[in-house]
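For clarity, every value in this text was computed on a predicted model and none was experimentally measured.
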Amino acid sequence: MFRSHTCGELRPEHVGQEVTLAGWVHRRRDHGELIFIDLRDRYGITQVVFDSITAATHQVAEQSRSEYVLQVRGCVRPRPAEAVNPQLATGAVELEALDAQILNAARTTPIYIAQEGGEDEALRLKYRYLDLRRERMQRNLILRHRVIKFMRDFLDQEDFLEIETPILIKSTPEGARDYLVPSRVHPGKFYALPQSPQQLKQMLMVAGYDKYFQIARCFRDEDLRSDRQPEFTQLDMEMSFVEQEDVLVLLERLFTALCQTVVPQKRLLTPFRRLSYAEALERYGSDKPDLRYELELIKLDDLLANTPFQVFRGALDAGGQVKGLRIPGCGGYSRKQLDELVELAKAGGARGLAWAALPAAGGEVRSSFGKNLGAGEMEALVGRMQAQAGDLLLIVADQAAVVAASLDKLRREFATRLNLADPNTLHFSWVLDFPMLEWNEDEARWDARHHPFTAPLDADLHLLASDPGVVRAKAYDLVLNGYEVGGGSIRIHRRDVQQQVFDLLNISRETAQAQFGHMLEAFEYGAPPHGGIAGGIDRIVMLLADESTIREIMAFPKTQQASDLMTAAPSSVDERQLKELHIALR
RNA sequence: GGGCCCGUGGUGUAGCGGUUAACAUGCAGCCCUGUCAAGGCUGAGAUCGCGGGUUCGAACCCCGUCGGGCCCGCCA
């Protein structure tokens, strides 16, 4: 045994006991004859005092440097009243070192452990094992552990079974790009890593495991974002004999209890608000709106029905929309600041951004487009947007999707600038009634928006043949503070409806047989009605931890170029390995 | 595939056409018995990511390249 206690454990009740601690030198304060060392492990920090009276022990402290690994035997004693450190959990006591040894020395570390630095993230990733020693990362990984532990315990209580599914599976061309694994035994053939265990969990429903879950690693070979890594973890669930409402209610109970347990200090809004996909896009321009603040998009089409302004006119004539945002108190923006906003709108796909600034003192409206408007139109816009002196009005005219994307960008930007989103609030919501299909312009065909097994709303079933674009699905997303943290659907379990959907998606019988034959066959042997959901654990933990990238809550994340800077993966491999796998590089 | 931003001692920054490349912190040595971001003194440490170019002269300007970040496309 290297230690009798951890560095976070000692309290006044331990006074007088002889204990042994082991840990890293967090900080050293050398006063000559007296040396203080803060000894750290993942449980905390304990101050160890080395007095020159114990000469050999004192010498160990003299030689010690930051991040040396020490073992110290000593006596727990109370600190003098004026030397108590209320910042430390162990701050009422200290360890009087009687005997100590250096278990291992350490080079000067490239990053400081004791201080949260602003270093280049690449450096942190290269030396991740040092970065992970920091309190922040430990706190995040501990939170992550608690989240996953809670999910397992909760679902166990609800009679769910955690069942593992394979990592080496069959590739299907649907969805994201697959990570492929070559087969040695089958020349020229490949496994794929799962984008999600979708088909497998549906097979488990056919098999009668009516409440399944898994903490499932998923892989998608797509470009990265701050909330997207090539491998990530989902809470994957599937249930039989359930309707959409059952799934929503269960998940709401799960996440409510989860948040109340692991982040009780946060304000959780319940019940979760529900809004349709159409409403979300209409009011917020996003299917994952941050509802902690309002700042809604305002529809202006009807006021401009006869406008002479070509930009608005053109958009409306082309079947598009004109919508705006009222930004309170930003009417004083400079030309340069406004130009930045125009660039932001363009990043969202808009060709431009019309703005109107109302002076704080009242008077003439400054705007990029006022002179092009017809009589009374500016007044009508100002009225509709309920603009007040000092406000800034931002207006985009384009196709609905472009208007939504660009105003969503602006809406989120101003939430940040104006501090509208309370970081301490968790605002979950359900986005429902997604369109089932999506028109693929490039390929001129319908694509499944969720996946091809998603069931249509019963009320829309009859439209499948006549007007597929308006058919809504029994699909639902769980949204938290502007992030999609979960999504799922009720699946089709009727063979005739499935065939109808395949026909719509232009999936031939042969293709369906080749790609999904095993599922279709399985469904002929008594498939129960079923549905499920998958939650993005990384994103949820990120939000609960108040972090802005999921890299901060993963032990060993990858860079935007999908490389691991610590191990230098991916890497070249031996010619012999390639040969065994029947692979020739081009 | 595209747009924008970043790269200077171990670390974080300043310098933005001529400087002995500055500051903080860390590091090393010495002094110091109540510190907890300990303090004091002394010192070492950077060919400015890399490669070209412009210039009498480049950390600084230009081109390319590598690495990192944010976003668009992509992510059923």
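Across all non-hydrogen atoms, the minimal contact from A:R134 to A:I111 is NH2-CB, 3.9 Å.
One interatomic measurement links the two molecules: CG of A:L344 to C1' of B:G3, which rounds to 13 Å at whole-angstrom precision. In this structure, the CD atom of A:E119 is 16 Å from the P atom of B:G7, given to the nearest Å. One can place CD1 of A:I111 at 15 Å from C1' of B:U25, the figure rounded to the nearest angstrom. The interatomic distance linking A:E222 (CD) with B:G1 (P) rounds to 13 Å, in whole Å. A:D221 has its CG atom 18 Å from the P atom of B:G73, to the nearest Å. As rounded to whole Å, 16 Å separates atom P of B:C75 from atom CD of A:Q234. Between A:Q229 atom CD and B:G68 atom P there is a gap of 12 Å when expressed in whole angstrom units. The nearest whole Å value for the distance from the CG atom in A:D178 to the C1' atom in B:C74 is 14 Å.
For B:C4, the paired base is B:G69 (Watson-Crick or G-U wobble, both distances below 3.5 Å). With both pairing distances under 3.5 Å, B:G43 is matched to B:C27 as a Watson-Crick or G-U wobble pair. Remark: B:U54 base-pairs with no nucleotide; criterion is Watson-Crick or G-U wobble with both hydrogen-bond distances under 3.5 Å. Of the nucleotides present, none pairs with B:C36 by Watson-Crick or G-U wobble criteria with both distances under 3.5 Å. The nucleotide B:A21 finds no pairing partner, because no Watson-Crick or G-U wobble arrangement with both distances shorter than 3.5 Å includes it.
At a threshold of 4.0 angstrom between heavy atoms, the contacts of A:R220 include nucleobase atoms, whether or not backbone atoms are also involved. Among the atoms of the strands shown, only primed sugar atoms or phosphate atoms (P, OP1, OP2) are found under 4.0 Å from some heavy atom of A:L123. Looking at heavy-atom distances under 4.0 Å, A:D223 makes contact with a base. Counting non-hydrogen atoms under 4.0 angstrom, A:K346 reaches nothing in the nucleic acid.
No side-chain N or O of A:R107 forms a donor-acceptor pair with one of A:T109 less than 3.5 Å apart. Side-chain contact, A:R29 with A:Q47: a donor N or O sits under 3.5 Å from an acceptor N or O. With hydrogens and angles left out, the side-chain atoms of A:D178 and A:Q195 include a donor and acceptor closer than 3.5 Å. Residues A:D236 and A:Y212 have side chains that bring a donor and an acceptor to within less than 3.5 angstrom of each other. The closest side-chain donor-acceptor pair between A:Q234 and A:S196, if any, does not fall under 3.5 angstrom. Side-chain N/O atoms of A:H518 and A:Q199 include a donor and acceptor closer than 3.5 Å.
Residues A:P452 and A:F502 are in side-chain contact: their nearest non-hydrogen atoms beyond the backbone lie under 4.5 Å apart.
Here, B:G53 and B:G17 have their C1' atoms 15 Å apart, quoted to the whole Å. Remark: the separation of the P atoms in B:U11 and B:C71 is 26 Å, to the nearest Å. Going from the C1' atom of B:U55 to that of B:C62 covers 12 Å, rounded to whole Å. For B:C63 and B:C6, the P atoms lie 14 Å apart once the distance is rounded to whole Å. Using P as the reference atom, B:G2 and B:C56 are 36 Å apart when rounded to the nearest Å. B:G9 and B:A46 have their C1' atoms separated by 4 Å, with the value rounded to a whole Å. Comparing B:U20 with B:C31, their C1' atoms sit 31 Å apart, to the nearest whole Å. Rounded to the nearest Å, the gap between the C1' atom of B:U25 and that of B:A44 is 15 Å.
Side-chain N/O atoms of A:R124 and base N/O atoms of B:G68 include no donor-acceptor pair closer than 3.5 Å. For A:R228 and B:C75, a side-chain-to-base donor-acceptor distance below 3.5 Å is present, hydrogens and geometry of angles not being considered.
Listed in residue order, the members of residues 555-570 of chain A having a heavy atom less than 4.0 Å from RNA chain B are A:T559, A:Q560, A:Q561, A:S563, A:L565.
Scored by the ring-ring contact (aromatic ring centres under 6.0 Å, His included) test, A:Y68 finds no partners at all (sequence neighbours excluded).
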**Asked** Can you give one letter per nucleotide of nucleotides 27-42 of chain B, 5' to 3': B if a protein heavy atom sits under 4.0 Å from the base, S if only from the sugar-phosphate, - if neither?
**Response** SSS--BBBBBSB----

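Positionally, the nearest nucleotide of RNA chain B for A:E121 lies more toward the 5' end than for the other of A:G175 and A:E121. Residue whose closest nucleotide on RNA chain B sits further toward the 5' end, between A:H451 and A:S548: A:S548.
Between A:D447 and A:R445 there is a salt bridge, with a side-chain nitrogen of the basic residue lying less than 4.0 Å from a carboxylate oxygen of the acidic one.
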**Request:** Please test A:R28 against A:F36 for side chain to side chain contact (heavy atoms under 4.5 Å, CB included), starting from the C-alpha separation and ending with a verdict.
**Result:** CA-CA 6 Å; A:R28 192 179 71 117; A:F36 298 96; over 6 Å; no

**Request:** Go through A:R417 and A:E413 one step at a time and tell me if the salt bridge (charged side-chain N to carboxylate O under 4.0 Å, His left out) criterion holds.
**Result:** CA-CA 6 Å; A:R417 290 192 191 189; A:E413 172 66 19; 2.7 Å; yes

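Considering only side-chain N and O atoms, A:S226 lies under 4.0 angstrom from the phosphate OP1 or OP2 of B:C71. For B:G73, neither phosphate oxygen OP1 nor OP2 lies less than 4.0 angstrom from any side-chain nitrogen or oxygen of A:R225.
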